[in-house]
Amino acid sequence: MPSERTVTETMHFSIPDTQEFGSDNSGSSFTGFNIHINGSFHCCLRYKQLHSLHEQLKRSLPTLVLPSFPPKKLLPLTPSQIEQRRVSLERYIQLVGQDPVLCRSELLRAFLLNAQQESSFTECREVNVDVFLMNGYRISTKAFTTDCSSKVLEKACALVDLPKEFTYYFSLYLMRKETNGEIAITKKLMDFEAPYISQKQWEDCKIVIRTSYWDTRYDLELLRDRIALNLLYIQALSDVERGWIITTRDLNEQLTDLQARGNKREYLEIVRKLPLYGCLQFPRVCVDYPQQNTMATIIIGNRELNMLTHCGKKIQETKFKVTRIRCWRVTTIHNNEEISSNSSSESREGSGNLELSFEYLMAKNQLKWITIYSDQSMLMSVCLQSIVDELLNQKNGSDINNIQTHQAEFAPLSYIRRDGSNYCITDSSSTDTLSSISDSNSTTNQTNGSGHNGTSFIRRKLKEFNTTVRFKSGKDSVHNEAFEWIGDDDL
């Protein structure tokens, strides 16, 4: 029986805005708080729904001190009080997302999964969910619309006969083709969301399987199994063909010959030694290093954030070790002029609406902030966090071979819908989510007061792409625990 390790999911929460709903069963209107997780809209919840979650977390984790929950108000709230509540709830949910114990809570996962279903007006039914390998091979998977990511992953891996003990060496991602023909990974699908629902947020995205780890030593376990080896080979072959793994002309000829002869193991043995193997590459964006308005390709992996800066025809490579990143933060750019008033059109197109800033130890006692302007800043942050988590797991003595996930024991959840009705969840089975959505009688208003039908508003919110996300605040940041490992030899 293989031993297990706990996997903590990254949850960056924000509540950028609210919406007003029409009368519910009590005859009064109410405010919904739009909750974003990891940079995209996830659900819209009432105050009492979040309060119910807080009370259930307190009961299920009695030894844990939870963040204080914003107090109730007896009278209807004024607009300024609603804004104050939004800020307070945002701070509360951010603190929950930063706690590793709470993040592992099965109750929180089930709550967020049900909230996503309710907010997207998705009925629970069985459908075909297409999952792709990196070479375009399609795995038509029978799954429920409300199946969480791990369940869809398990079903897809079973269809290609991958042994169960190797399933969680892989994860599901959303991938899309950019207008220039390049392939971009846009999102890692977490277990608090349903892939069927999340995919609708990006209609032009495919669900793909890629490895879920960063330390390439985990490959050694996969190489023992024929199916797992095939999945590694398909991913490596795809990354080489797309230029994510850079090869020389002579080496490329050798790899092409091995591919033609079907020698997958030897192909992998060569590719695994290349610098960018196992990394995730992001489209070219604007950065402020080594100087303002520099165009760069960002590559994350091998415990590094790698920056390939384009200066004319020359490409300069700069490696930033993750263990030397003291902290980082993701913030919203409300105006592209914040980048530079005289930046080129090329840099403006590559900048996006988000920025990832990290404080790096350039030399002893010399810290410097470096900023990347990219719509994929949140995914970059998720990648950095998962590298740090992996490093800390290994530091704490986790066996390199133990990458199995540990599913926490399920705590019964009473989910309160926006209309006030209760739904009891007794286990974490696929179909044990909300089975009926009927909010058609509610009306909704944005904060500017314009009216919308509830369903159409939520569906429009689901299609928004990272334009209003906030990560904590402009002053707050993620502190890197792995930074504490720094010694004189690292400088």
Side-chain angles (χ1 to χ4, degrees), residues 6-15 33-45 49-50 52-54 56-57 60-61 66 89-90 92-120 122 124 129 143-154 168 171-174 186-202 207 212 378-379 381-383 385-386 389 405-417 423 425 427-434 458 461-462 466 469 471:
T6 301
V7 175
T8 303
E9 291 199 311
T10 304
M11 297 187 190
H12 295 325
F13 286 98
S14 66
I15 306 179
F33 297 88
N34 295 320
I35 295 178
H36 291 231
I37 307 180
N38 294 347
S40 57
F41 175 79
H42 183 78
C43 59
C44 180
L45 294 170
Q49 291 178 289
L50 289 167
S52 172
L53 169 65
H54 174 73
Q56 293 181 79
L57 286 173
S60 67
L61 300 166
L66 269 70
L89 287 174
E90 182 177 61
Y92 168 81
I93 200 71
Q94 285 169 352
L95 291 172
V96 168
Q98 292 165 26
D99 189 295
V101 176
L102 291 173
C103 282
R104 290 197 298 268
S105 166
E106 175 72 1
L107 191 150
L108 177 61
R109 185 202 68 83
F111 176 88
L112 292 173
L113 188 63
N114 279 271
Q116 184 190 37
Q117 181 194 357
E118 180 185 20
S119 297
S120 63
T122 302
C124 180
V129 177
F144 288 97
T145 55
T146 55
D147 270 348
C148 64
S149 297
S150 63
K151 290 185 180 295
V152 175
L153 175 66
E154 288 169 1
Y168 286 99
S171 288
L172 298 179
Y173 298 80
L174 287 180
T186 61
K187 180 181 176 68
K188 182 177 181 179
L189 293 170
M190 302 296 192
D191 216 29
F192 54 78
E193 59 188 320
Y196 175 85
I197 299 174
S198 294
Q199 188 184 21
K200 290 184 177 300
Q201 188 167 352
W202 293 273
I207 301 173
S212 62
M378 193 60 75
L379 178 57
S381 175
V382 169
C383 291
Q385 184 65 61
S386 61
D389 289 342
T405 61
H406 172 70
Q407 291 292 345
E409 190 171 319
F410 184 77
L413 167 69
S414 177
Y415 183 82
I416 299 178
R417 290 174 50 186
Y423 184 84
I425 301 172
D427 60 56
S428 56
S429 64
S430 305
T431 55
D432 215 0
T433 51
L434 297 172
I458 293 293
K461 290 293 294 181
L462 282 169
N466 288 357
V469 65
F471 174 58

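Computed from a predicted model, the values in this text were never measured in an experiment.
Contacts of S52 classified as side-chain contact (heavy atoms from CB on, under 4.5 Å), with partners at least two apart in sequence or in another chain: Q56, I416. Y92 meets the ring-ring contact (aromatic ring centres under 6.0 Å, His included) test with H54, F69; sequence neighbours excluded. Among residues two or more places apart in sequence or in another chain, the ring-ring contact (aromatic ring centres under 6.0 Å, His included) test is passed with F111 by Y415.
Proximity of a side-chain donor or acceptor of D99 to a complementary backbone N or O of V96 within less than 3.5 Å is not detected. The closest donor-acceptor contact from the side chain of S149 to the backbone of P195 lies at 3.5 Å or more, if one exists at all. A donor-acceptor pair under 3.5 Å is formed between the side chain of D191 and the backbone N or O of S150. Of the possible donor and acceptor atoms, none in the side chain of N34 sits under 3.5 Å from a partner among the backbone N and O of C44. A donor-acceptor pair under 3.5 Å is formed between the side chain of Q116 and the backbone N or O of A194.
With 3.5 Å as the limit, one finds no donor-acceptor pair spanning the side chains of T146 and Q117. When only modelled atom types and interatomic distance are considered, E118 and N114 share no side-chain donor-acceptor pair under 3.5 Å.
Pairing each heavy atom of A115 with each of C43, the nearest pair is O-CB, 3.5 Å. Residues G97 and C103 come closest through the heavy atom pair O-SG, 2.9 Å. In terms of heavy-atom proximity, A143 sits nearest to V129 at CB-CG2, 4.1 Å. The two residues Y168 and S212 have their closest heavy-atom pair at O-OG, 3.2 Å. The shortest non-hydrogen separation linking C124 to F144 is SG-CD2, 4.1 Å. The two residues H42 and F192 come nearest to each other via the heavy atoms CE1-O, 3.5 Å.
Taking the side chain as every heavy atom from C-beta outward, L174 and Q201 never approach each other to under 4.5 Å. Counting only heavy atoms from C-beta outward, the side chains of L379 and T186 never approach each other to under 4.5 Å. Under the 4.5 Å side-chain criterion, counting only non-hydrogen atoms from C-beta, F13 is in contact with I37. Between L95 and L66 the shortest side-chain heavy-atom distance does not fall below 4.5 Å. Between V101 and R104 the shortest side-chain heavy-atom distance falls below 4.5 Å. Looking at I35 and L50, their side chains come closer than 4.5 Å, going by heavy atoms from C-beta outward. Within the 4.5 Å cutoff, the side chain of K187 has heavy atoms near those of the E193 side chain.
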From CA spacing to verdict: side-chain contact (heavy atoms from CB on, under 4.5 Å), V382, M190: CA-CA 11 Å; V382 169; M190 302 296 192; 3.7 Å; yes
Worked verdict on T122 versus Y196 for side-chain contact (heavy atoms from CB on, under 4.5 Å): CA-CA 10 Å; T122 302; Y196 175 85; 4.3 Å; yes
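A distance of 12.0 Å separates CE of M11 from CD of Q385, quoted to the nearest 0.5 Å. Interatomic distance, L153 CG to D147 CG, rounded to the nearest 0.5 Å: 11.5 Å. Rounding to the nearest 0.5 Å gives a distance of 9.5 Å between CG of L112 and CG of L107. The distance from the CG atom of L53 to the CG atom of L102 is 9.0 Å, given to the nearest 0.5 Å. From I207, atom CD1 reaches atom OH of Y173 across 14.0 Å, with rounding to the nearest 0.5 Å. Here the CD atom belonging to Q98 is positioned 11.0 Å from the CD1 atom belonging to I93, to the nearest 0.5 angstrom.
A salt bridge links E106 with R109: the closest approach of a Lys/Arg side-chain nitrogen to an acidic carboxylate oxygen falls below 4.0 angstrom.
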